[in-house]
Novice: 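Handing you this structure, nothing more for now.
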Amino acid sequence: MYAKEVKEYLQGQLQSIRESGLYKEERIILSPQGARIRVKEGEVLNFCANNYLGLADSPELIAVAKTALDERGHGLSSVRFICGTQDIHKELERKISEFLKMEDTILYSSCAAANEGLFEVLVGPEDVVISDQLNHATIIDAVRLWGMVHKKKLGPGSVEFPENRVMKHSDMADLEKHLKETQNKRFRVIATDGVFSMDGDVAKLEEICDLAEKYNALVMVDDSHSTGFFGPGGRGTPEYWGVEHRVDIITSTFGKALGGATGGFTSGRKEMIELLRQRSRPYLFSNTLAPSIVATGIKVLDMISQASNLRKKLEENTAHFRQKIAELGFDIRPGSHPIVPIMLYDAKKAAQMAEGLLEEGIYVIAFSYPVVPREQARIRVQISAAHSREDLDFALAKFEKVGRELGIIA
Ligand SMILES: Cc1ncc(COP(=O)(O)O)c(C=O)c1O
């Protein structure tokens with residue numbers, strides 16, 4: 001029964017979200033995802049999708065998806081181990097492993113599910129996970145879940161959780177301290193994003209792998225903002241740092257550069273993946289990936305492995321935008337990643353800037369507390385291979401105009 005008290009409680013929660021300025025409105029898109037999208041205000045240039053390679057509306061992928069629908073059907077109505085595994089699921093897993101140079105791969109419905117199903121299987125109460133402070137919410141939740149699953153009841157009202165550690169962001173001295181202090185644990189896992197989504201900074205994987213070897217720890221990387229385009233062959237942050245065989249576990253998504261639809265995976269050592277197939281709950285108890293998604297995943301990997309033109313275009317676009325926006329006098333976080341945080345520090349200014357830009361036909365999002373730390377409000381621009389040079393220059397001119405109007409740049 002939907003009691004009055006429940007309704008009032010929920011309304012109160014919503015009210016407090018609104019009052020704290022954290023209520024999220026969804027902008028409705030009336031076209032496919034792309035560099036240009038149609039919204040109710042008209043056509044705008046889109047600078048806030050994770051559509052790094054511009055494949056979200058790729059005619060080639062759409063054609064492959066249509067063929068897969070005809071030949072393999074719309075869905076399988078099953079989890080993998082009952083009757084949800086087609087040959088193409090196995091082919092996709094094989095292709096991902098080859099691409100990332102990992103021993104084996106297991107598909108999930110999303111990277112969120114891949115993360116959720118990882119730690120509770122691979123580590124137990126006698127182990128420790130050391131997680132970067134700025135890791136993605138799905139890693140944080142996955143670590144919490146591991147803690148809940150492996151908690152020990154000590155007596156009435158008394159529960160002991162396995163110890164997890166949060167390291168200061170990308171701070172190698174702090175990581176070493178945690179590794180030293182946890183030598184009494186059976187296994188140690190260092191968990192990090194490959195690229196951190198709010199700052200576009202790259203995890204220091206070479207140093208992390210050195211420390212992992214020194215202190216006998218496993219390394220897990222969520223490479224969602226990197227797989228497919230970062231590193232010389234687009235293989236992500238392990239390739240970028242030249243540590244491909246030293247990273248033990250990679251989780252990633254098909255929802256960003258790899259076509260932008262949906263789906264995720266975990267790649268890792270053979271025994272890890274085998275055990276995940278036996279025990280990982282979001283894999284065991286959730287529906288298999290739809291055939292059209294699997295077929296496009298295979299196609300994307302072929303496209304990325306064979307052609308570097310999209311990666312090159314993305315790199316050139318990113319370098320151009322980063323250089324020009326800095327020349328205009330905006331304060332950006334340095335780096336080479338297509339996530340370009342334009343720092344405004346003040347939440348109100350950031351929101352005004354995003355609104356002003358939308359009026360000029362540029363769609364960007366302002367991020368403020370609690371998504372980023374207080375006084376660290378920003379506009380996060382995301383560059384795509386789908387942007388033309390004209391698109392970038394148009395956006396830069398609008399940033400200049402609105403930035404001047406708001407007194408952000410001189
Ligand atoms: C670092 C990271 N991990 C995981 C995810 C979740 O990916 P998916 O949409 O496939 O669940 C995201 C998406 O925002 C992400 O940025």
Side-chain angles (χ1 to χ4, degrees), residues 24 26 33 48-53 55-56 92-93 96 100 105-119 129 131-146 166 169-170 189-205 208 219-231 236-238 240 247 249-268 276 280-283 286-290 293-294 296-297 300-301 333 335 337-341 365 367 370-372 378 380-384:
K24 290 179 227 31
E26 294 173 356
Q33 184 61 277
C48 52
N50 302 303
N51 186 19
Y52 295 113
L53 293 175
L55 295 174
L92 178 56
E93 288 174 340
I96 297 168
L100 296 180
T105 295
I106 175 173
L107 297 175
Y108 286 87
S109 58
S110 65
C111 184
N115 287 340
E116 180 196 325
L118 182 70
F119 300 107
V129 180
S131 177
D132 189 286
Q133 174 188 13
L134 293 191
N135 274 346
H136 191 256
T138 56
I139 301 180
I140 295 170
D141 288 354
V143 174
R144 284 182 183 151
L145 182 65
W146 158 71
V166 177
H169 176 51
S170 275
V189 183
I190 305 165
T192 183
D193 278 14
V195 170
F196 293 86
S197 58
M198 283 300 135
D199 290 283
D201 59 324
V202 186
K204 298 172 185 162
L205 285 190
I208 290 176
V219 177
M220 174 270 181
V221 179
D222 176 339
D223 230 7
S224 291
H225 283 283
S226 172
T227 311
F229 65 94
F230 209 65
T237 53
Y240 173 83
V247 168
I249 305 149
I250 296 172
T251 62
S252 194
T253 182
F254 281 97
K256 301 190 196 294
L258 301 180
T262 189
F265 59 85
T266 300
S267 294
L276 288 172
S280 184
R281 294 169 73 85
Y283 178 82
S286 184
N287 211 23
T288 185
L289 274 185
I293 297 292
V294 177
T296 51
V300 164
L301 290 173
R333 287 267 197 260
H337 194 271
I339 292 175
V340 188
I365 294 281
F367 288 97
V371 182
V372 294
R378 66 196 66 182
R380 183 180 71 170
V381 169
Q382 288 177 283
I383 305 295
S384 166

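Whatever order the structure lists ligands and atoms in, that order sets their numbers, starting from 1.
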Novice: Determine, stepwise, if the pair Thr266 / Tyr283 fulfils side chain to side chain donor-acceptor pair (under 3.5 Å).
Specialist: CA-CA 11 Å; Thr266 300; Tyr283 178 82; over 6 Å; no
Novice: Within ligand 1, which atoms have a heavy atom of Asp193 less than 4.0 Å away?
Specialist: 1 (C)
Novice: Checking the N or O distance criterion of under 3.5 Å, is ligand 1 in contact with His225?
Specialist: yes
Novice: Any side-chain donor paired with an acceptor under 3.5 Å for Thr192 and Asp132?
Specialist: no
Novice: Could an N or O of ligand 1 be found under 3.5 Å from any N or O of His136, whether backbone or side chain?
Specialist: yes
Novice: With nothing but distance in play, are any N or O atoms of Lys256 less than 3.5 Å from an N or O of ligand 1?
Specialist: yes
Novice: Can you tell me how far the CD1 atom of Ile339 sits from the CE atom of Met198, to the nearest 0.5 Å?
Specialist: 7.5 Å
Novice: To the nearest 0.5 angstrom, please state how far the CG atom of Leu118 sits from the OH atom of Tyr108.
Specialist: 7.0 Å
Novice: Between Asp199 and His169, does any side-chain donor sit less than 3.5 Å from a side-chain acceptor?
Specialist: no
Novice: Can you tell me which residue and heavy atom of the protein come closest to atom 7 (O) of ligand 1, and the distance to 0.1 Å?
Specialist: Cys111 CB, 3.4 Å
Novice: Out of all atoms in ligand 1, which are within 4.0 Å of some heavy atom of Asp222? Include the element for each.
Specialist: 1 (C), 2 (C), 3 (N), 4 (C)
Novice: Which of the atoms in ligand 1, numbered in the order shown and given with their element, are less than 4.0 Å from a heavy-atom of Ser224?
Specialist: 1 (C), 2 (C), 3 (N), 4 (C), 15 (C)
Novice: Relative to the heavy atoms of Thr138, which atoms of ligand 1 are at a distance of less than 4.0 Å?
Specialist: 3 (N), 4 (C)
Novice: Evaluate Ala113 for polar contact with ligand 1, using N/O atom pairs at a separation under 3.5 Å.
Specialist: no
Novice: So, using salt bridge (Lys or Arg N to Asp or Glu O under 4.0 Å) as the criterion, who are the partners of Arg144 when residues are at least two apart?
Specialist: Asp141
Novice: Taking the side chain as everything from C-beta on, heavy atoms only, tell me whether Asn135 gets closer than 4.5 Å to Asp222.
Specialist: no
Novice: For atom 11 (O) of ligand 1, what's the nearest protein heavy-atom neighbour? Residue, atom name and distance, please.
Specialist: Ala112 N, 2.9 Å
Novice: So which atom in Ala113 and which in Pro282 form the shortest heavy-atom distance, rounded to 0.1 Å?
Specialist: O-CG, 3.5 Å
Novice: Who's the nearest protein heavy-atom neighbour of atom 9 (O) of ligand 1, and how far?
Specialist: Thr253 OG1, 4.2 Å
